[in-house]
Amino acid sequence: PIGLKRLMARPVAKYTIAAQEKHEKNEKVLIENNLNLNTSYKENKISSIPVSGIGEDYVIPIDNDLFLAIDDINIARKIFKCESELLYNLSLSIKTFIKMMKLLVSNSYDHLTNVLNRQSLDNFLDFGLSPFGNKLNNSEMFIFIDIDHFGDFNKTYGHAIGDMILKSVATTLKKTISKKDNVYRYGGEEFVISILKKDFSIAEKLRKAIENMQDSQYSITISLGVSYFFNNKIEAIINSNHAMLEAKRTGRNKVVIFNK
């Protein structure tokens, strides 16, 4: 119906998504007085929610953790009065969708390091898709990374410390690159980063960031291989891997750019 603007999950949610026509982009907006959502559910009535930068919305309780936000009070009253079955079916559909999305996200990320996993990389290489099925822009550069002497490190300090280092390295890599670029755990102590624009300085920046990790009492370095000249993405991974192996062969803790 006309007037439906957005759906909000959880009774004390701090954010909602701003309507497209009221903002140039959909973005998170802080909800003031969000305890009104609790009141709406407990008393089973429409409740008004002031939304910073937008105005006022009217929420209808659908379930204990799902609300419908509408910007027209008259339409809100009509739906609340006449469409209880519609709202119930809507809540089931939305909850099913949320469960599917959570499962999709869970299956797309490496549970230890919280970066994208090998399956996500394969989907990108084979089909150019993100974990959510949308088409991604072709990357102009790939960086293949291996943590130096990680096998010896595990033998010396144990796998628990090794896991901690993997997490720290993954977090540092993610923080160092642009939000438009992606970090994947390739396997073991190896990571792959897809870079949207060709910029060789990124690899050296990553190397220095790991070498200077502030939260690690251990000396950690990485070897990096960079590929930017390729006919397809799978060739790019192969080439960047060759360059990384060359970096390890010639001294480690360095960047090697693949030359065809």
Side-chain angles (χ1 to χ4, degrees), residues 25-28 100-148 150 163-213 215-216 220-245 247-248 254-258:
K25 297 179 180 179
N26 284 336
E27 58 185 26
K28 286 183 177 180
M100 290 174 61
M101 292 303 293
K102 284 181 177 179
L103 182 61
L104 180 60
V105 170
S106 176
N107 290 340
S108 299
Y109 282 82
D110 177 66
H111 292 174
L112 174 65
T113 60
N114 202 32
V115 297
L116 292 165
N117 59 22
R118 177 68 178 272
Q119 182 60 52
S120 293
L121 176 63
D122 290 342
N123 287 339
F124 175 52
L125 296 177
D126 294 339
F127 309 110
L129 299 177
S130 80
F132 303 102
N134 57 304
K135 195 78 173 175
L136 291 173
N137 293 326
N138 276 334
S139 299
E140 293 189 4
M141 190 171 81
F142 283 84
I143 303 174
F144 206 112
I145 297 169
D146 184 89
I147 302 176
D148 294 329
F150 191 73
D163 286 350
M164 182 188 74
I165 295 302
L166 285 171
K167 291 178 186 178
S168 296
V169 168
T171 299
T172 302
L173 294 175
K174 200 171 180 179
K175 286 181 178 178
T176 306
I177 62 172
S178 164
K179 290 182 179 180
K180 294 181 179 179
D181 302 323
N182 289 311
V183 180
Y184 303 86
R185 187 179 180 193
Y186 192 77
E189 68 272 27
E190 295 177 329
F191 297 86
V192 169
I193 301 180
S194 60
I195 307 292
L196 199 58
K197 293 184 179 180
K198 184 167 66 176
D199 182 355
F200 302 146
S201 68
I202 294 174
E204 181 61 18
K205 190 184 297 184
L206 290 165
R207 188 196 68 77
K208 288 181 178 178
I210 298 301
E211 190 176 43
N212 300 318
M213 280 196 305
D215 61 343
S216 175
I220 304 298
T221 62
I222 55 175
S223 298
L224 306 90
V226 181
S227 173
Y228 66 94
F229 182 83
F230 47 84
N231 296 320
N232 58 65
K233 291 188 287 292
I234 294 180
E235 182 181 333
I237 296 295
I238 294 171
N239 292 345
S240 60
N241 179 252
H242 285 325
M244 181 274 291
L245 293 173
K248 295 184 80 66
K254 63 190 295 187
V255 176
V256 171
I257 298 172
F258 179 83

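Worth knowing before you read on, the calculation uses all heavy atoms, side chains too, and leaves out hydrogens, waters and symmetry mates.
- At distances below 3.5 Å, not a single donor-acceptor pair connects side-chain atoms of T171 with backbone N or O atoms of S168.
- Side-chain contact check for M244 versus V256: every heavy-atom pair is 4.5 Å or farther apart.
- Side-chain contact between F142 and L125 is present, with at least one heavy-atom pair separated by less than 4.5 Å.
- Between the side chain of N117 and the backbone N or O of N107, at least one donor-acceptor pair lies under 3.5 Å.
- Seen from the ring of F124, K233 counts as a face-on cation partner, given the 6.0 Å and 45° thresholds.
- If you take CD1 on I177 and OG1 on T172, they are separated by 11.5 Å, rounding to the nearest 0.5 Å.
- Under the 4.5 Å side-chain criterion, counting only non-hydrogen atoms from C-beta, V226 is not in contact with F258.
- No option in T221, I147, L173 other than L173 meets the side chain to side chain contact (heavy atoms under 4.5 Å, CB included) test with I210.
- Of the possible donor and acceptor atoms, none in the side chain of E140 sits under 3.5 Å from a partner among the backbone N and O of K197.
- With S223 contributing its side chain and K254 its backbone, the two residues share no donor-acceptor pair below 3.5 Å.
- Between atom CZ of residue F150 and atom CD1 of residue I222 there is a gap of 13.0 Å, rounded to the nearest 0.5 Å.
- Between atom OG of residue S108 and atom CG of residue L121 there is a gap of 12.0 Å, rounded to the nearest 0.5 Å.
- Residues I143 and I145 form a side-chain contact, since some pair of their non-hydrogen atoms from C-beta on lies under 4.5 Å apart.
- One finds the CD atom of E235 at 7.0 Å from the OG atom of S227 (value rounded to the nearest 0.5 Å).
- Between A170 and V115 the shortest heavy-atom distance is CB-CG1, 3.9 Å.
- Counting only heavy atoms from C-beta outward, the side chains of R185 and L112 approach each other to under 4.5 Å.
- With sequence neighbours excluded, the residues that form a salt bridge (Lys or Arg N to Asp or Glu O under 4.0 Å) with D146 are K248.
- Between the side chain of N212 and the main chain of K208, a donor-acceptor pair closer than 3.5 Å is present.
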Between R207 and E204, does a salt bridge (charged side-chain N to carboxylate O under 4.0 Å, His left out) hold up when you go through it step by step?
CA-CA 5 Å; R207 188 196 68 77; E204 181 61 18; 2.7 Å; yes
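- Annotation: side chain of Y228 is in contact with side chain of F200 (closest heavy-atom distance under 4.5 Å).
- Put simply, the side chain of S120 never gets that close to the backbone of L116: no donor and acceptor are under 3.5 Å apart.
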Which donor-acceptor pairs under 3.5 Å do side chains of residues 186-194 form with protein atoms, sequence neighbours excluded?
unit_1, atom_1, unit_2, atom_2, d
Y186, OH, R118, NH2, 3.3

Could you check F144 against L224 for side-chain contact (heavy atoms from CB on, under 4.5 Å), going step by step and ending with a plain yes or no?
CA-CA 6 Å; F144 206 112; L224 306 90; over 6 Å; no
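- The structure places CD1 of I202 at 10.5 Å from OG1 of T176, a figure rounded to the nearest 0.5 Å.
- Rounded to the nearest 0.5 angstrom, N182 CG and K174 NZ are separated by 9.0 Å.
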